[in-house]
Number of protein chains: 2
Amino acid sequence: MSAKTANISEATVTRLSIYLRCLQTLEKEGRQTVSSQELARQFHLNSAQIRKDLAYFGAFGTRGVGYCIANLKDQIIKLLKLNKEKAVVIVGAGHLGQALADFQGFNSGGFRVVALFDIDPAKVGKKTAKGKSILHAKRIPEIAKKHNVAIGIIAVRPQSAQAIYDTLLKAGVKGVLTFAPAQIKEKPLTKLRAVDLKINLETLSFFLRS
Amino acid sequence: MSAKTANISEATVTRLSIYLRCLQTLEKEGRQTVSSQELARQFHLNSAQIRKDLAYFGAFGTRGVGYCIANLKDQIIKLLKLNKEKAVVIVGAGHLGQALADFQGFNSGGFRVVALFDIDPAKVGKKTAKGKSILHAKRIPEIAKKHNVAIGIIAVRPQSAQAIYDTLLKAGVKGVLTFAPAQIKEKPLTKLRAVDLKINLETLSFFLRS
DNA sequence: CCGTGTGAAGCTGTTCACAGCT
DNA sequence: AGCTGTGAACAGCTTCACACGG
């Protein structure tokens, strides 16, 4: 019943996020309710898993009917804490950093990129294609405090990743998403997630039938 | 002993890729050998897991000593099939697609981006910052055959993702990495990996101490 | 004596199957 | 009659602990 968030696996949370997207799709189609079975069929998921994932947080469905789409969507939004906008900063204004800063998905649905940082004088003071300011990295603490930044994104060279991570945490950022190809040591009481593009490609390579 | 690639989990392969990167770092530092314990300490891994992962593929170490860095590195490169260059195409020449096309990690160590595709006439015929050609998406089959493309990357809007996936497979591509926020149905005998940027951010949001 | 390679134990996440509610 | 919510079975991955080789 009570939404205790302990013991919830990362896999379950990732799927919540997937369910949210599926529900938004169905809502756009004008649907009112949906069963776990139908969700599973339509989006290539497992119905038992959907029910179990949701049941960790409460009883959101109606037996014999399924789930009310609008209601379940709102519940998941609350669970993921997407109902209050979170300020995001991106460190590293290379191609990837700029692409991420302008990325629709990072500027909607509970997130907003408030600044991009770099140390390259050729970039500092400029703006991205969609108008996000590129500031000098020494201003990370100032901006993080000013906008109460919750999430930092690392898109710098691997050598600098650990230092930037430390800087972000010291500036009060609580969660970090890194794209740098480096092994960062996660500090307690904060959350670190790593997306490694090259590793994804290499893993794919392994599984190719040659 | 023999390198049977069946029953190997995705998690193990992902870690192989991590080990490879760690070994390359150590090699640059001029190191000759390394033990699983030292690897674990230095890169925040688990030594038993390193040994078990490697043992799936053979006995690469020397008891009492550890692993010869140069040798182990070469072994992992072979396991991941990175010893022969693979041609990669990217579909979708938005900010992300262009950033990926120019990304160093996708143009080294066994991979090379040979073309970017889009259907926007304003983009077709142009080049990325680093000189990758943007071609019309209708040329996917032609280019895929010509360069014997092994891997396709999807960086298009979610509505088009499934269609592009089908197109890529029909063109003979064996593995696909998608960045589109959509649930694609994986076809048998091929490999699909999804990197979902927004889901990563939402998952991070869940775990933030508020 | 040290570190690998590995059976066995432990743990976590997934799937099954059905009781119970609507 | 239908679908949720859930204990129990299952499967897979991780960690332990130690025999064995160098």
Side-chain angles (χ1 to χ4, degrees), chain A residues 1-19 22-23 26 31-69 71-73 75-76 79 186 203 206-207, chain B residues 1-19 22-23 26 31-69 71-72 75-76 79 203 206-207:
Chain A
M1 286 298 133
S2 68
K4 283 284 148 274
T5 57
N7 298 343
I8 301 297
S9 79
E10 211 141 319
T12 291
V13 178
T14 299
R15 284 190 298 266
L16 280 188
S17 191
I18 292 172
Y19 304 153
C22 297
L23 292 168
L26 291 174
R31 296 286 309 277
Q32 302 288 318
T33 64
V34 70
S35 69
S36 61
Q37 234 180 94
E38 198 185 340
L39 264 177
R41 238 183 294 118
Q42 193 161 349
F43 297 100
H44 326 301
L45 308 165
N46 176 305
S47 66
Q49 188 154 69
I50 295 172
R51 294 198 299 278
K52 183 139 275 202
D53 283 340
L54 296 176
Y56 283 128
F57 301 98
F60 301 133
T62 309
R63 294 177 192 224
V65 178
Y67 300 90
C68 165
I69 293 175
N71 173 50
L72 184 56
K73 196 197 71 175
Q75 296 289 346
I76 295 180
L79 290 173
E186 185 170 10
T203 304
F206 175 89
F207 287 104
Chain B
M1 291 295 132
S2 67
K4 281 286 148 272
T5 57
N7 298 344
I8 302 298
S9 78
E10 210 141 320
T12 291
V13 178
T14 298
R15 284 190 299 267
L16 281 188
S17 190
I18 292 172
Y19 304 153
C22 297
L23 292 168
L26 291 173
R31 296 285 309 277
Q32 302 288 318
T33 63
V34 69
S35 69
S36 60
Q37 231 178 100
E38 198 184 342
L39 262 178
R41 236 183 295 118
Q42 193 161 348
F43 299 99
H44 326 301
L45 307 165
N46 176 305
S47 66
Q49 188 155 68
I50 294 172
R51 294 198 301 278
K52 182 139 277 202
D53 283 339
L54 296 175
Y56 284 128
F57 302 98
F60 301 131
T62 309
R63 295 177 191 222
V65 179
Y67 301 90
C68 166
I69 292 176
N71 173 50
L72 184 55
Q75 295 289 347
I76 295 180
L79 290 173
T203 303
F206 175 89
F207 287 104

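Here is how names work: the chains are called A, B, and so on, in the same order as the sequence lines, proteins then strands, and each is numbered from 1. Just so it is clear, the structure is predicted and the values come from calculations on it, not from any experiment.
Rounded to a whole Å, the CD1 atom of A/I69 is 12 Å from the P atom of D/dT4. The distance between atom CG of B/L72 and atom C1' of C/dG5, rounded to the nearest whole Å, is 14 Å. Straight-line distance from the CZ atom of B/F57 to the P atom of C/dT6: 14 Å, rounded to whole Å. Atom CZ in A/F60 sits about 11 Å away from atom P in D/dT6, given to the nearest Å. We find that CG of B/L54 is positioned 8 Å from P of C/dG5, with the value rounded to whole Å. Going from atom CD1 of A/I50 over to atom P of C/dT15 covers 11 Å, rounded to whole Å. Taking atom OH of B/Y67 as the reference point, atom P of C/dC2 lies 18 Å away to the nearest angstrom. For A/Q37 and D/dG2, the CD to C1' distance is 9 Å, given to the nearest whole Å.
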Using a cutoff of under 3.5 Å, can you pull out all pairs of nitrogen or oxygen atoms linking the protein to nucleotides 20-22 of chain C, with atom names and distances?
from, atom 1, to, atom 2, distance (Å)
C/dG20, N3, A/R63, NH1, 3.3
C/dT22, O4', A/R63, O, 3.3

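At the heavy-atom level, A/S36 lies under 4.0 Å from the strands shown only through sugar-phosphate atoms.
Listed by first then second residue, pairs satisfying side chain to side chain donor-acceptor pair (under 3.5 Å) with a partner in residues 33-42 of chain A read A/R31-A/E38, A/S36-A/R51, not counting sequence neighbours. Every pair tested for salt bridge (charged side-chain N to carboxylate O under 4.0 Å, His left out) that includes a residue from residues 56-67 of chain A fails, sequence neighbours excluded, so the list is empty. The salt bridge (charged side-chain N to carboxylate O under 4.0 Å, His left out) pairs that include a residue from residues 53-62 of chain B are B/R15-B/D53, where partners are two or more places apart or lie in different chains.
Nearest heavy-atom pair, B/L23 versus B/I69, reported as atom, atom and distance to 0.1 Å: O-CG2, 3.7 Å. Taking every heavy atom of both residues into account, A/I50 and A/Y19 meet most closely at CA-OH, 3.4 Å.
A search for side chain to side chain donor-acceptor pair (under 3.5 Å) contacts involving A/S9 returns A/T12, not counting sequence neighbours. For the side-chain contact (heavy atoms from CB on, under 4.5 Å) test, residues two or more places apart in sequence or in another chain that qualify with A/E186 are A/Y165, A/K191, A/L192. For the side chain to side chain donor-acceptor pair (under 3.5 Å) test, no residue two or more places apart in sequence or in another chain qualifies with A/S47. When the side chain to side chain donor-acceptor pair (under 3.5 Å) test is applied to A/K73, the partners found at least two apart in sequence or on another chain are A/E27.
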One character per nucleotide, please: for nucleotides 8-16 of chain D, 5' to 3', B when the base has a protein heavy atom closer than 4.0 Å, S when only the sugar-phosphate does, - otherwise. B----SSBB
